[in-house]
Amino acid sequence: MTNSIADITEESQCIFIIGSNTTENHPVIGTKIRGAKRHRGAKLIVADPRRIDITDYADLHLRHTPGTDIALLNGLMHIILRQGWQDDEFITNRTEGFAELKAVVEKYTPEVTSAITGVPVADIELAARMMAENRPGALIYAMGITQHTTGVANVMSCANLQMLLGNMGKRGGGVNPLRGQNNVQGACDLGGLPNVYPGYQKVTDAKVREKFEKAWGVPQPDSVGLTVTEMLKAAEEGKVHCLYIIGENPMTSDPDLNHVRFSLQKTEFIVLQELFFSETAQFADVIFPAASFAEKEGTFTNTERRIQRLRKAIDPPGEAKEDTWIMFQLAKRMLALGAATPDPEAPYGDWEYRDVTDIEEEINALTPIYAGVTWERLEAGEALHWPVPSPDHPGTPILHTRQFSRGKGLFVGMDHVPPAELPDEEYPLMLTTGRVIYHWHGGEMTHRARGLEAMYPEALVEIHPKDARKAHISDGDLMKVASRRGEILAKAQITDRVEPGLIFTTFHFAESAANFLTNPALDPQAKIPEYKVCAVKVEKA
Amino acid sequence: MPIHLTINDKAITVPEGATILEAAGANGIHIPTLCHHPDLTNVGACRMCVVSVERARGVQTACTTPATEGMVVNTMSPAVVETRKFVLEMLLTDHPNDCMTCEVNGDCELQDLVYDYGVKWPEHNGRRHQYEIDPDPNPFIFIDRNKCILCGRCIRTCDEIQNRSIWSFANRGFESKLVAGADQLMLDAGCESCGQCVAYCPVGALFDKMSLGKGRANQAEKVRTTCGYCGVGCNFDLNVRDGEIVRVTSAHDAPVNGMALCVKGRYGYDYVNHPDRLTRPMVRVKWLDAEKVAERVESGQWTLFSEAEQRRASLSYRRTSGDGKSVAPNPQSQISADTFVKTDWDTALNVVAHKFTQVKKELGGEAFALFASAKCTNEENFIFNKFTRQMLATHSIDHCARL
Ligand code: SF4
Ligand code: SF4
Ligand code: FES
């Protein structure tokens, strides 16, 4: 997020949510947004193909067809420009590429936009007016924007809109992705990505590599590594021999599960570090029992880039161990076997850590955006927003207040591109996927939490009464949903939360995981699979 | 315009708009309250906070009366103390005498006030409510209306903080009763099981069902931590008793969320103690020395992870095929190369260390790939990144950020 939860929910005059089922996936932010609307009259606009909880509180619900976000955003910008509502001062001083953007959005008249998105012209006009009249406004998005083959272009379009309105770099504004997992932000920040070291320092930058070669005392490869999807492919092709999987369950969370299964089966050696015997565990060669969040010390970074302490409350069960202990042991053994020979002079070449504070110190030394996030400050209860470049820096709740990371904000005009797979005669319905409040991803945790499981014990597929009638399906019937890649069985939930032609299900249930159906077509840049749209057919099982 | 007033002979200055309660609180003068909570609007329902104000008739509720210029307030006049005692006695006439087994014994605002004011248990044969205890089948929130003091804090919590407005009072007088929706079950009324109303209940009328009988506040240790589910990053206290998490309580000073939590954060912790948890390192037979396996299994040092156990521990199997208990255990003689053996850390670590070292020497870093985890800590991810890049010499590390 460019902004903090507090400044958005306390100061934003207009909150525009697109592609985020906020109440179910980021519940406490949902709570606060409801409060902003109810208690201080902030305007709330929600663009989502489904009727979801937060749309019930919205001033305006734009119910666009999945995969038409760019068109919708362009259509809003078209009106803003037509009316002269853009923030000219911001555009002149802080951005470039405006002329190009203008040329692209020119084409997206309300009529054209409405034809592509299915949103009535009057609603698009009203939304644009609301945004223009209520500034600063914050834009919030989540996987509904990113999990498309046009994910990156979708994000850029969000940024275009906010720059056009001058909603960047100020309290109550910004472009604010809500990150899914509790520490997806931290995993990205601290080097869990194939193209960057901790702190987004590029592996292709020779100076950066040199820094880490010095710190760790070994030469560093100069090409980017594989992404999750590419790893599985490489394993299947025999290029990757060893997969080390920590706390992830590709057998429920990746697209096209039948293919994932095939890849895992073909992998020579899989090490898994987990809490439970997950679907992926069936394919492992060695399984290390790991510690849960309540059994270890450390920090998590939340969706607003805020770093907070995790504290050990209980011991792990049996012989289960913390992930770091396991890795220290493994590394030391491998060093003894000569797997690597770090320069003994390198300051961080060895694996002798006394405890988590030693790791924090290494992070401070090697990660500029975390340089000032010292253990002392964390212990003292500070919850800093990165970047924190030095120990006396107060943190950065709002990004881009004076300039963007690249200097000037760049408008990049984007055209609508339809999803990779659209309904046709054989697969006439569109499937979109998501989550419900009671479960979490593959449900390894929540299916084992008694109350949560009692609340939502089985997979449901939302289907509109019209489509259900056509397929002779009644509420609660077991139905078969099939795509070009696989099929699942799940119970029908007949509801107008979805529109005719669209069905919805979750990926929380291994036995009927939506990801047997989803399309692994990737966004060319971000390599995110198109979970939000694929073509399916349904029948009564 | 700042306001000048006197409370208990102390000269006090407060900003305009402050209540007497706020004026007193800001100056270290304690006034007891029940229906008031600093996070919620004031309704003046309980009359516990009464004070005497010179030249005003009777006593005034400090939580709703604004401080005015020149006001002279006494927070402990005889009339005030009498009124408070009367309020407490009235509450006790319709309250079960149940502190001995009550969940919130020692953590109850009513109990503390009754103690402070020396109010005795009123023996009487008059009417006491006999509501059904725990009448709502939802899995999370326990209701005992017999203990409800009608302060309305839950009503305002759900309305003002959670923004759901599930609770209200039905009926009048002695028949007043807390109801969800139109006297419905909570879930039917649209409750999202966030548990905020429980967190704000000053007595034991609302409580966390999962924590019933698990340990009172003074028996549990509180450990402040960050939620392990979503990216909001709520902080809360894990309440631990005898090495078990018995309750999650929210905390006022939580930087992101304050007292608010969602159903997963507050009630989704019990997976931590689930019997399915993996507790020993396991290696498939094919990566071990067969003779050693036979010998260690014989001596009981290692055990086989039988098919039945595997199925029992695996969600997908259990969910599609019942509880897995009906599967006949694999006789020990049927060890195959793919059987998992529960070994010891030394063995398991060595298997991996040797395999990784051999592959690295033969094929180099490109033969490896690591899935880091968005569930793990920053420090852990940093270590995974170092292991991948330093020890394995590859940049093939990624996690499900994209998914
Ligand atoms: S649990 Fe939450 S939503 Fe339900 S009644 Fe209580 S405060 Fe309201
Ligand atoms: S309590 Fe709920 S909203 Fe808060 S971090 Fe946990 S899962 Fe997210
Ligand atoms: S606390 Fe003031 S009336 Fe209840």
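Worth saying up front: this structure is predicted, and the values here are computed from it rather than measured. Every chain is numbered from 1, with letters handed out A, B, ... down the list of sequences.
- Between the side chain of B/Trp345 and the backbone N or O of A/Glu319 there is at least one donor-acceptor pair closer than 3.5 Å.
- Checked by atom type and distance alone, the side chain of A/Arg450 never pairs as donor or acceptor with a backbone atom of B/Asp270 at under 3.5 Å.
- A 4.5 Å side-chain heavy-atom check between A/Leu190 and B/Asn385 finds every atom pair outside the cut-off.
- The choice from B/Val351, B/Asn350, B/Ile245 that makes the most heavy-atom pairs within less than 4.5 Å of chain A is B/Asn350.
- Stacking of B/Arg389 on the aromatic ring of A/Phe212 is not recorded, the 6.0 Å distance cut-off and the 45° axial limit not both being met.
- Heavy-atom pairs under 4.5 Å with chain B were tallied for A/Pro316, A/Pro342, A/Gly443, A/Gly298; the largest tally goes to A/Gly298.
- A/Glu268 has a carboxylate O that lies under 4.0 Å from a charged side-chain N of B/Lys355, or vice versa, which qualifies the two as a salt bridge.
- Side chains of B/Asn378 and A/Asn183: a donor on one and an acceptor on the other come within 3.5 Å.
- For B/Cys227, the part lying under 4.5 angstrom from a heavy atom of chain A is the backbone only.
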Checklist entry - Do A/His447 and B/Tyr271 pass the ring-ring contact (aromatic ring centres under 6.0 Å, His included) test, and can you show the C-alpha distance, the side-chain angles, and the key distance before you say yes or no? => result CA-CA 8 Å; A/His447 289 311; B/Tyr271 75 88; over 10 Å; no

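- Heavy atoms of other residues, nucleotides or ligands lying less than 6.0 angstrom from NZ of A/Lys312 number more than 12.
- If you measure heavy-atom distances from B/Glu366 to chain A, the contacts under 4.5 Å come from the backbone alone.
- The choice from A/His439, A/Met334, A/Glu230, A/Glu274 that makes the most heavy-atom pairs within less than 4.5 Å of chain B is A/Met334.
- The candidate from A/Pro289, A/Ala454, A/Ala449 with the greatest count of non-hydrogen atom pairs under 4.5 Å with chain B is A/Pro289.
- The OG atom of B/Ser373 lies 11.5 Å from the CD1 atom of A/Ile245; values are rounded to the nearest 0.5 Å.
- Proximity of A/Thr324 to B/Phe387: side-chain heavy atoms (C-beta onward) are nowhere separated by under 4.5 Å.
- To the nearest 0.5 angstrom, A/Thr446 atom OG1 is 5.5 Å from B/Tyr229 atom OH.
- Of the possible donor and acceptor atoms, none in the side chain of A/His26 sits under 3.5 Å from a partner among the backbone N and O of B/Val232.
- Between B/Lys375 and A/Asp323, no side-chain nitrogen of the basic residue sits less than 4.0 Å from a carboxylate oxygen of the acidic one, so the salt-bridge criterion is not met.
- Contact of B/Val272 with chain A is made through backbone and side chain together, with heavy-atom distances under 4.5 Å.
- Rounding to the nearest 0.5 Å places CD1 of A/Ile5 at 9.0 Å from CG of B/Asn257.
- Side-chain atoms of A/Gln181 do not come within 3.5 Å of backbone N or O of B/Gly231 as any donor-acceptor pair.
- Looking at B/Glu221, neither its backbone nor its side chain comes within 4.5 Å of chain A, counting heavy atoms on both sides.
- Remark: side-chain polar atoms of B/Glu379 are paired, donor with acceptor, to backbone N or O of A/Thr299 under 3.5 angstrom.
- Ranked by heavy-atom pairs under 4.5 Å with chain B, the first of A/Phe300, A/Tyr348, A/Tyr57 is A/Phe300.
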Item to check | B/Lys264 vs A/Met445, side chain to side chain contact (heavy atoms under 4.5 Å, CB included): CA-CA, chis, key distance, verdict | outcome: CA-CA 10 Å; B/Lys264 290 191 288 290; A/Met445 299 181 296; over 6 Å; no

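- Judged purely by atom type and a 3.5 angstrom limit, B/His395 uses its side chain to pair as donor or acceptor with the backbone of A/Pro221.
- Remark: the backbone N or O of B/Phe371 is not paired with any side-chain donor or acceptor of A/Glu248 at under 3.5 angstrom.
- A/Gln308 is listed as a side-chain neighbour of B/Val256, based on a closest heavy-atom distance under 4.5 Å.
- If you tally non-hydrogen atom pairs under 4.5 Å between each of B/Pro139, B/Gly228, B/Cys230, B/Cys234 and chain A, the highest count goes to B/Cys230.
- Heavy atoms of B/Leu363 lying under 4.5 Å from chain A belong exclusively to its side chain.
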Checklist entry - After noting the C-alpha distance and the side-chain angles of B/Glu380 and A/Lys296, does the key distance pass the salt bridge (charged side-chain N to carboxylate O under 4.0 Å, His left out) rule? => result CA-CA 10 Å; B/Glu380 287 165 341; A/Lys296 57 196 181 189; 3.1 Å; yes

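- Between A/Glu295 and B/Arg277 a salt bridge is recorded (basic side-chain N to carboxylate O distance below 4.0 Å).
- With a 4.5 Å cut-off on non-hydrogen atoms, B/Leu238 touches chain A through its side chain but not through its backbone.
- The backbone N or O of A/Leu226 lies less than 3.5 Å from a partner atom in the side chain of B/Ser396, making a donor-acceptor pair.
- Checking side-chain atoms of A/Arg38 against main-chain N and O of B/Asp159 turns up a donor-acceptor pair under 3.5 Å.
- Ion pairing of A/Glu362 with B/Lys386 is present here, as a side-chain N (NZ or NE/NH1/NH2) and a carboxylate O approach within less than 4.0 Å.
- Looking only at atom types and distance, the side chain of A/Thr31 has a donor-acceptor partner in the side chain of B/Gln162 under 3.5 Å away.
- Rounded to the nearest 0.5 Å, atoms CG (A/Leu310) and OG1 (B/Thr226) are 6.0 Å apart.
- With ring centers used as reference points, B/Phe384 lies 6.0 Å or more from A/Tyr244.
- With respect to A/Arg311 and B/Asp237, no salt bridge is recorded, no charged nitrogen being found less than 4.0 Å from a carboxylate O.
- Residue B/Asp242: no heavy atom, backbone or side chain, is found under 4.5 Å from chain A.
- Neither the backbone nor the side chain of B/Asp338 has a heavy atom closer than 4.5 Å to any heavy atom of chain A.
- If you measure heavy-atom distances from B/Val263 to chain A, the contacts under 4.5 Å come from both the backbone and the side chain.
- Looking at B/Asp398, its side chain does come within 3.5 Å of a backbone N or O of A/Val228 through a donor-acceptor pair.
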